[in-house]
Amino acid sequence: MMSSSSKLKLVEFFYDVISPYSWLAFEVFCRYRNVWDINLKLRPALLGGVYRGSGNRSPDDVPRKYHYMGMDLLRLGSYAAVPLRAPTQPVHALMAKGSLAAMRFVTAVGEMETDGDDKVEKVSRELWKRIWSKDQDISQLASLAEVGRQAGLSAKKVEELLELSQDSAIKHKLRDTTQEALDYGGFGFPLTVCHVDGEAKIFFGSDRFEIMAHCLGEKWVGPQPVQEAIMKATMAS
Ligand SMILES: N[C@@H](CCC(=O)N[C@@H](CS)C(=O)NCC(=O)O)C(=O)O
């Protein structure tokens with residue numbers, strides 16, 4: 001294990017909590033950040049902005065694709081041990097309500113908190129749990145306040161963050177990060193950028209880990225690396 005994070009390979013992970021495939025990749029990365037020599041940088045952004053900026057269409061524009069995704073996500077959730085469950089009113093939850101307020105909140109957390117990445121991780125996970133597991137709202141201030149508290153933030157801090165999340169500096173920051181994803185060639189999420197030997201290698205989706213590992217010079221042992229290591233040790237003893 002290397003001592004300084006500056007020596008580790010930088011991996012930027014662009015995501016939006018509206019994206020269930022991003023949740024899968026996020027959990028897998030959070031497990032591998034202690035296994036691979038990488039410096040994982042979470043980059044909260046807006047999927048809607050990436051669709052617009054790249055001229056892409058939302059998957060629900062193609063009914064068969066949408067239907068397939070529903071089945072695929074259940075399988076993947078079970079494979080990766082991520083408790084994915086589609087909202088009962090997907091059009092309302094995903095399209096009408098969206099994730100703008102939520103992603104501004106995550107952006108504010110990243111900007112304001114000194115241990116930004118740790119809190120961004122916790123807040124993002126709580127948001128995903130609400131929308132993609134418990135069928136709960138993530139658009140109302142009261143919902144975001146609950147998310148903040150679940151992530152371990154004090155009531156006072158949550159109040160400050162909610163206020164900050166409506167500030168124009170945070171709106172710009174979220175827009176800039178989304179633009180960075182577009183500048184890397186993004187058209188959907190998750191988008192991962194692995195910086196290897198001065199080159200930015202771009203990956204779309206939660207199903208590219210094997211290839212990513214190859215590019216990073218690391219080993220892919222499935223979505224639950226620690227479990228895998230325990231199993232191997234048990235077999236060997
Ligand atoms: N094959 C990818 C699919 C990822 C995916 O469908 N992401 C959605 C957002 S949840 C997206 O951005 N789709 C854009 C597209 O498919 O062009 C995976 O397994 O992760």
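Since the structure is predicted, the reported quantities are computational estimates derived from the model, not experimental observations. Every number for a ligand or one of its atoms is a count from 1 in the order of the listing.
- Apart from Met71 itself, the hydrophobic cluster it occupies contains Tyr68, where clustering links Ile, Leu, Val, Met, Phe, Trp and Tyr at side-chain heavy-atom distances under 4.5 Å.
- Residue contact check: Pro20 has heavy atoms under 4.0 Å from atoms 10 (S) of ligand 1.
- Taking any N or O of Tyr21, backbone or side chain, none lies under 3.5 Å from an N or O belonging to ligand 1.
- Taking the six-membered ring for Trp, Tyr32 and Trp220 have ring centres closer than 6.0 Å.
- Using a cutoff of 4.0 Å between basic side-chain nitrogens and carboxylate oxygens, Glu126 and Lys122 are not scored as salt-bridged.
- Given atom 9 (C) of ligand 1, the protein heavy atom at minimum distance is Phe189 O, 3.4 Å.
- Salt-bridge annotation for Lys41 and Glu12: absent, with no side-chain N of the basic residue lying under 4.0 Å from a carboxylate O of the acidic one.
- Using a 4.5 Å cut-off between side-chain heavy atoms of Ile, Leu, Val, Met, Phe, Trp and Tyr, Phe187 falls into a hydrophobic cluster with Phe204.
- Salt bridge Glu121/Arg125: present, at least one basic N to carboxylate O contact under 4.0 Å.
- Heavy-atom contacts of Ser206 reach the following atoms of ligand 1: 18 (C), 19 (O), 20 (O) (cutoff under 4.0 Å).
- Annotation: atom 19 (O) of ligand 1 to nearest protein heavy atom, Asp207 OD2, 3.2 Å.
- A ring-centre distance under 6.0 Å is found for Phe13 and Phe29.
- The closest protein non-hydrogen atom to atom 16 (O) of ligand 1 is Lys65 NZ, 3.5 Å.
- Considering both main-chain and side-chain atoms, Phe187 never comes within under 3.5 Å of ligand 1 through any nitrogen or oxygen pair.
- Residue contact check: Gly188 has heavy atoms under 4.0 Å from atoms 12 (O) of ligand 1.
- The shortest N/O to N/O separation between Tyr51 and ligand 1 falls below 3.5 Å.
- Backbone and side-chain nitrogen or oxygen atoms of Ser19 are examined, and none is located within less than 3.5 angstrom of a nitrogen or oxygen of ligand 1.
- Scanning the protein for heavy atoms near atom 15 (C) of ligand 1, the closest one is Asn56 ND2, 3.6 Å.
- A centroid separation of less than 6.0 Å is found between the aromatic rings of Tyr15 and Trp128.
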